[in-house]
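Small disclaimer: the values here were computed from a predicted structure and weren't measured.
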Amino acid sequence: RELCVMSKDQDDEERILKQSLGECTSFISQIEEQLKPLLNTDWDTYTKNLSELESAKLRITLAYTINSLYYVHLRAQGQETTQHPVRKELERVRRYIEKLQQLNAPKEVPSMKINVEAANRFIQHSLT
């Protein structure tokens, strides 16, 4: 009887695994379809009408995406990634993303504060 229960659990796990694999394969196919225009077009065609900032954003986004996909691939293969160079590359790209975000952040305008004591001294000395 235990053997039948284990077999049923294994059948369920196998069914779920096959379903997940099918969904993953479908997802990869969708990604390939979406990337075809990018991969089949000259890079200059994409970047000629972009500002330098937009071009940098595009390059950083692509670098992060490619490295992330490679990282996921390594993890899916069961490889250890804690010391893998792709982690260092992802961190490097993340720092560039942060720099670009700082460029896009609205500039803080320093607030104008009046130093009341200094203003009073200035007025007092100008009146005497």
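Here the shortest heavy-atom pairing between V93 and A63 reads CG2-CB, 4.1 Å. Nearest approach of V86 to N67, heavy atoms of both residues: CG2-O, 3.6 Å. In plain terms, the two heavy atoms of Q79 and R75 that are nearest each other are O-NH1, 4.2 Å. Of all heavy-atom pairs between A119 and I114, the closest is CB-CG2, 4.5 Å.
Formation of a donor-acceptor pair under 3.5 Å by the T47 side chain with backbone atoms of W43 is found in this model. Between the E54 side chain and the S51 main chain, a donor and an acceptor come within less than 3.5 Å of each other. One N or O on the side chain of S20 and one on the backbone of I16 form a donor-acceptor pair closer than 3.5 Å.
In this structure, the side chains of E117 and R121 come closer than 4.5 Å at one or more pairs of heavy atoms. You'll find the side chain of S26 reaches within 4.5 Å of the side chain of Q30, heavy atoms only. Taking the side chain as every heavy atom from C-beta outward, R59 and Y64 never approach each other to under 4.5 Å.
No continuous path of ILVMFWY side-chain contacts below 4.5 Å connects L100 to I66, so the two sit in separate hydrophobic clusters. Tracing side-chain contacts under 4.5 Å through hydrophobic residues (I, L, V, M, F, W, Y), one never reaches L35 starting from I28; they form parts of separate clusters. L53 and I97 fall within the same hydrophobic cluster, defined by Ile, Leu, Val, Met, Phe, Trp and Tyr side-chain heavy atoms under 4.5 Å apart, directly or through other members.
To the nearest 0.5 angstrom, R15 atom CZ is 11.0 Å from L17 atom CG. Between the CZ atom in R87 and the NE2 atom in H84 there is a gap of 11.5 Å [rounded to 0.5 Å]. Note that CG of L69 is 6.5 Å distant from OG1 of T65, once rounded to the nearest 0.5 Å. Here CD of Q34 is found 11.0 Å from OG of S29. Values are rounded to the nearest 0.5 Å. Rounding to the nearest 0.5 Å places OG of S55 at 9.5 Å from CG of D44.
Salt bridge absent: E91 and K88 never bring a charged side-chain N and a carboxylate O closer than 4.0 Å. R95 has no carboxylate O lying under 4.0 Å from a charged side-chain N of E98, or vice versa, which leaves the two without a salt bridge. With respect to the salt-bridge test (charged N to carboxylate O, under 4.0 angstrom), the residues E14 and K18 qualify.
Under a cut-off of 6.0 angstrom, the local environment of OH in Y96 is sparse, with at most 12 non-hydrogen atoms contributed by other residues, nucleotides or ligands. Within a 6.0 Å sphere centred on CD of E52, heavy atoms belonging to other residues, nucleotides or ligands number 12 at most.
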